[in-house]
Asks: 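Sharing a structure here in structure tokens format.
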Amino acid sequence: MSTGFFIKSGDREPSLKAFLLQEDGTPVPNLAGATLQLRWKRADNTNPPTVSAAVIVNAATAEVRYDWSIGDTATPGLYEAEWIATNAGKAQTVPSRGAFYFTVTPIID
């Protein structure tokens, strides 16, 4: 499991940013007017998933962002996550297979 995003425990910047791509590498269509959520949990399954509202930055390019809330990065560890775009009552989860990973690193004590 590789991770490409790291954030220190307790930090709320930088936001988690991504481009939602289908398996063939093209942007996820139909994001205009959609709602977006980020669902994540610790990769070791020690907590239930968290689901929070996220932002569609650019619907045409499928650019999205999650702005961390207080407490989101409180616990260091490896996390698995997925984006959920819902438009006209139809949901699409990205990635469609597996998950992507991010790491919350501990602060220096």
Side-chain angles (χ1 to χ4, degrees):
M1 287 185 248
S2 64
T3 179
F5 182 83
F6 296 85
I7 189 166
K8 282 282 191 174
S9 178
D11 284 0
R12 293 179 60 198
E13 291 288 344
S15 296
L16 180 64
K17 298 176 183 177
F19 288 91
L20 301 188
L21 302 177
Q22 300 181 104
E23 286 191 28
D24 66 2
T26 60
V28 169
N30 303 323
L31 288 183
T35 59
L36 182 70
Q37 297 174 308
L38 177 68
R39 178 170 43 211
W40 77 95
K41 66 179 181 125
R42 285 182 56 100
D44 62 8
N45 292 315
T46 58
N47 71 317
T50 298
V51 180
S52 296
V55 176
I56 298 169
V57 176
N58 184 317
T61 63
E63 182 181 3
V64 298
R65 181 184 79 231
Y66 178 68
D67 299 320
W68 302 104
S69 295
I70 294 172
D72 283 350
T73 61
T75 305
L78 178 66
Y79 289 78
E80 57 185 358
E82 56 194 12
W83 302 94
I84 306 160
T86 305
N87 199 342
K90 296 179 182 177
Q92 181 173 0
T93 303
V94 178
S96 58
R97 286 189 271 175
F100 70 90
Y101 296 85
F102 66 88
T103 301
V104 176
T105 59
I107 59 171
I108 298 172
D109 286 330

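Residue numbers run from 1 in the order of the sequence given.
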Asks: How many angstroms lie between atom CG of L31 and atom CD of E63, to the nearest 0.5 angstrom?
Replies: 11.5 Å
Asks: How far apart are the closest heavy atoms of P95 and A81, and which atoms are they?
Replies: CD-O, 4.3 Å
Asks: Once rounded to the nearest 0.5 Å, what's the spacing between atom CZ of R12 and atom CD1 of I7?
Replies: 10.0 Å
Asks: With a 4.5 Å limit on heavy-atom distance, are the side chains of W83 and F100 in contact?
Replies: yes
Asks: Could you state the interatomic distance from CD (Q92) to CD (Q22), rounded to the nearest 0.5 Å?
Replies: 5.5 Å
Asks: Less than 4.5 Å apart, side chain to side chain, heavy atoms only: is that true for L16 and W40?
Replies: no
Asks: Rounded to the nearest 0.5 Å, what's the gap from OH on Y101 to CG on L78? Could you check?
Replies: 7.0 Å
Asks: Can you sort out the partners of T46 under side-chain contact (heavy atoms from CB on, under 4.5 Å), two or more places apart, ordered by chain and number?
Replies: R42, D44
Asks: Please find the pair of heavy atoms, one from A60 and one from P27, that lie closest to each other, and give the distance.
Replies: O-CB, 4.1 Å
Asks: Please find the pair of heavy atoms, one from A59 and one from A32, that lie closest to each other, and give the distance.
Replies: CB-N, 3.6 Å
Asks: Name the residue from L20, I84, L21, L36 that meets the side-chain contact (heavy atoms from CB on, under 4.5 Å) definition with V94.
Replies: L20
Asks: Looking only at heavy atoms, which two atoms of K8 and P106 are closest? And how far apart?
Replies: NZ-O, 3.1 Å
Asks: Quick one: salt bridge (Lys or Arg N to Asp or Glu O under 4.0 Å) partners of D24, sequence neighbours excluded?
Replies: none
Asks: Between K90 and N30, is any pair of side-chain heavy atoms under 4.5 Å apart?
Replies: no
Asks: For G98 and E82, which heavy atoms make the closest approach, and how far apart are they?
Replies: O-OE1, 4.1 Å
Asks: Considering non-hydrogen atoms only, spot the tightest contact between A54 and L38 and give its length.
Replies: CB-N, 4.3 Å
Asks: Could you pull out all donor-acceptor pairs under 3.5 Å where a side-chain atom in residues 67-74 meets a protein atom, sequence neighbours excluded?
Replies:
residue	atom	partner	partner atom	Å
D67	OD1	S15	OG	2.5
D67	OD1	R65	NE	2.8
D67	OD2	R65	NE	3.2
D67	OD2	R65	NH2	3.1
W68	NE1	P14	O	3.0
D72	OD2	Y66	OH	2.5
D72	OD2	S69	N	2.8
T73	OG1	G10	N	3.1
T73	OG1	D11	N	3.3
T73	OG1	D11	O	2.7

